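When a ligand or atom number is given, it counts from 1 through the structure's own listing order. Everything numeric here is computed off the predicted structure, so don't read it as measured data.
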Amino acid sequence: MKGIIASEGYAVGTACVFKNEKMAICHDKIEESQVDLEIQRFTKALDIARAQIEEIGQKAGAVLEGSDADVFKAHAAITQDRSLIKKVNKAIKSERLTADNAVDTVMKKLIEKFSKMDHPLIRERTADLRDVRDRLLRVLTGAESRSLEALPPDTIIIAENLTPSDTVTMDIDHVAGIVSEIGGSTSHTAIFARSLGIPAVVGVTGAVSLIKKGQMVYLNGETGSVETELTGDELKTFQRAKEAYDANMQELFRYAEAESITKDGYHMEICANIGSFHDCGAIQKFGAEGVGLFRTEFLYMGSSDWPAEEYQFSEYKKVLEMMGNRPVIIRTFDIGGDKELPYYDFGEEDNPFLGYRAIRLCLDQPDIFKTQLRAILRASAYGHARIMYPMISSIEEIKSANEVLSAAKTELKNEGVAFDENIACGIMMETPAACILAEDIIDFVDFFSIGTNDLTQYTTAVDRGNKRLSHLSAPYHPAVLRLIKYVTDVSHKAGKWTGICGELAGMDDFTEILVGLGVDELSMSAGSVIKVRKQVIEMDAFKAKIAAKEALALKTSEAIWEYVKNRR
Ligand code: PEP
Ligand code: MG
C-alpha cells in the first residue's frame, strides 16, 4: 500500500486498527409536536459537546509540545457557529428530521463543500468539522467514545482518520507510527505526527480494511509505503534503510543549533511559517531563526465571528513571547480566494483567486482591518513583531493600508497603550504587478517577502490547486526566478531586504540558487529548516552566485530542474 508522506522516518510495530464507531442515526420523520423537543435535544448536545471539547482542550497543552488548545478553540467555535445552528434547527423544523439526522445531513454538506476547496489547509479543516460532527452524534445517539489512551509499546495506529481529540488522548509514548486513510500533508494528523517526530503516512486507501489488528506493519516514511509482509531480503533492505535514515536524522539535527552561514561567510536567515501558536513547538525543535510568515487567517477561519481585538492580541502575544527576540512577521489576514469564512458571505465570484480577497477586503472594510492592526501593534510590545500585507498589486494599496496603520497607532498613543513605534512593515510580493513595480514600491515598505506560491500562479496563469496543470507551473519557472532576482536587487539598492515565504524556500535543491540570487531570508515549514541549513552551511556563496547566473540563463523549468539536480 502507498500513501502521502506526512512525517518522515521508518517504523516497525504491531497494528492497532482504530475504526470509526457505528452510530445509530434515526432517519424516521418526526411529528410537528416533536420539533421543539428535538431542537432542545440539539441545543443540549451542543452544550455537552462544548464542555467535552473544553476539557480535552485543557489536556492538549500537556500532550503536544509547545501547544495550547488552539484546535479545540476552533472546535468550540464550531459548536457556537450561528449559521450552522440555524441550518440544523431549520432541518428539524422544515424537513422534520431528528436532531441526529439533521446534524448529520447539514454537517455532511458542509464537509463536502470544504473538502472540494483548492487550498490544502482549508480542505483539511474538514477534519475539525468531522471531529465535531462525530462528537455531536455520539452525544445524540449515546454511542461509546473511542479511545487510544492505553496502547501496547511499538504500536502502529491504523485509522481511517485521526481527529484532534484522538491525538490529544493518545498514548504517544507507545506509538511508533501512524497510517491514516484520510488526510494530506497539511492535515491535523500530519502536523501532529511531524511535531512529535512520529513517522506517518496518510491517504492510504483501504488501510483500515486491509490491515488486521496485531499484524506486523512496516512503515516507510521516505517512500510512503506501508507493508504487512516482507520477504527476508526486503526486510534486510528495510532495516538497512531505517538505520541509514536514523543516522542521517541524527546528523541533520546537529543543524538545528548551528548558524546559517556559508563557508565564505554569507548569512541566510532561515525562518519558519506558522498558522498559529500551536506550531511554535516545532520552531524551537528545528531551530528556526524567526517566523517569516504567520498566516493569521486561520484565526479568522476558526472563529464563529470576526475575531475580537482582545482575542487576536492574546494569540499574537503568545507567539511573540515564545519567540523572544527572534523576529515574527505577522501577515494581515489573507481571506477570500478559496479561504471562506463561516460568518461572512463573499457572494458568487467567477474568479475568487482574482477576486475580493486579502488586502482588497481589508481596504474595503477598514474597521475589520484596523482591529487586526491594533491587536498586532499591542502585541508588538512583547517581542519582535513585523507587519506584512498580502496580495499587494499597487502603490495605492500600500498607501491606504499604511493610513489605516497610522490611524491605529494614533488611537493607541491617545489611549496610552504601549507598542513598537518603529515596527517594520513589508509586503508579500506575490503578484507580477508588485514585482514589476518593485522600484517604485520599495520606498513605501521596509522589506519584501516573495510568496512564490501565488507569484507562480499569477505569473504562469496556472491555478495553483489544479493538479492537471501542475506540470505547467513550477516555483522555479524561469519567469519566477527572474522576478526573484529583480525584486531582490531592487531591495538591496534601497538598503532593504527580501525574503521568500512560498514553498520554494523549503526546497533544498534550490537553496544554492536562492543564496546566489542574493535572497536574505527563507521561511518554510519548520521540518525543512535543518536540511536547508545544511545546504547553506556546506556551500560557498561565491559559487552559488555563479550557479544562480547560469540558472537564470536557462529558458525552461525542466532545464533549471536538471541543472540543480546535477549540482547535488
Ligand atoms: C504564497 O503565496 O507563496 C504564500 C506564502 O502565501 P499563501 O500560500 O498563504 O497564499
Ligand atoms: Mg499567497
Side-chain angles (χ1 to χ4, degrees), residues 117-125 184-186 191 269-276 279 288 290-302 328-341 351-362 372 386-393 397 401 426-435 447-466 470 473-477 479-481 483-484 487-488 498-507 510 514 517 519-526 528-529 532:
M117 290 187 181
D118 283 333
H119 201 292
L121 286 166
I122 315 224
R123 208 165 41 234
E124 281 146 9
R125 265 186 47 76
S185 59
T186 45
I191 293 167
E269 192 172 349
I270 302 184
C271 297
N273 295 347
I274 63 168
S276 75
D279 304 328
V291 171
L293 171 63
F294 180 174
R295 289 182 165 101
T296 58
E297 48 274 15
F298 296 104
L299 232 73
Y300 287 71
M301 289 157 57
V328 176
I329 300 182
I330 305 178
R331 176 174 80 179
T332 59
F333 67 85
D334 184 4
I335 298 288
D338 59 354
K339 296 175 195 157
E340 291 188 15
L341 295 175
N351 291 298
F353 272 114
L354 306 179
Y356 189 71
R357 58 176 291 199
I359 199 71
R360 301 166 185 183
L361 190 163
C362 289
Q372 179 169 38
R386 291 169 176 161
I387 295 174
M388 178 156 74
Y389 307 137
M391 276 294 291
I392 292 290
S393 58
E397 282 169 339
I427 61 165
M428 296 277 298
M429 294 298 262
E430 53 184 348
T431 67
C435 294
F447 64 88
F448 289 146
S449 182
I450 303 175
T452 49
N453 309 339
D454 276 322
L455 184 59
T456 308
Q457 155 167 270
Y458 296 130
T459 304
T460 58
V462 173
D463 178 346
R464 69 195 250 188
N466 190 331
S470 55
S473 91
Y476 47 86
H477 188 289
V480 178
L481 281 196
L483 286 175
I484 296 174
V487 165
T488 308
T498 295
I500 296 183
C501 59
E503 288 306 302
L504 181 65
M507 294 168 73
F510 287 88
L514 299 179
L517 291 176
V519 174
D520 303 278
E521 177 239 37
L522 295 174
S523 192
M524 59 203 72
S525 67
S528 302
V529 164
V532 170

(Q) Tell me whether D334 is salt-bridged to R360, with the criterion being a basic N under 4.0 Å from an acidic carboxylate O. (A) no
Q | Contact atoms of ligand 1, heavy-atom distance to R295 under 4.0 Å | A | 4 (C), 5 (C), 6 (O), 7 (P), 8 (O), 9 (O)
Q | Value rounded to 0.5 Å, distance of OH in Y476 from CG in L481 | A | 10.0 Å
Q: Give the intermediate values and the outcome of side chain to side chain contact (heavy atoms under 4.5 Å, CB included) for residues M429 and L455.
A: CA-CA 7 Å; M429 294 298 262; L455 184 59; 5.7 Å; no
Q.
Below 4.0 Å, non-hydrogen atoms only: which portion of T452 touches ligand 1? Side chain, backbone, both or neither.
A. backbone
Q) Does Q457 reach ligand 1, in the sense of a heavy atom lying below 4.0 Å from it? A) no
Q.
With side chain to side chain donor-acceptor pair (under 3.5 Å) as the criterion, how do D520 and T498 come out once you've worked through the C-alpha distance, each side chain's angles and the decisive distance to 0.1 Å?
A. CA-CA 6 Å; D520 303 278; T498 295; 4.9 Å; no
Q) Taking all non-hydrogen atoms of both residues, which atom of F333 and which atom of Q372 are closest, and how far apart? A) N-OE1, 2.9 Å
Q: Could you pull out the atom name of the N/O/S atom in D454 that is nearest the Mg ion (ligand 2)?
A: OD2
Q | Spacing of C501 atom SG and E521 atom CD [to the nearest 0.5 Å] | A | 7.5 Å
Q) What part of M524, side chain, backbone, both or neither, has a heavy atom within less than 4.0 angstrom of ligand 1? A) neither
Q) Mind checking whether the Mg ion (ligand 2) has an N, O or S of D334 under 2.8 Å? A) no
Q. Would E503 count as a contact of ligand 1 if the rule is a heavy atom under 4.0 Å away?
A. no
**Q.** For the Mg ion (ligand 2): the N/O/S atom of E430 at shortest distance
**A.** OE1
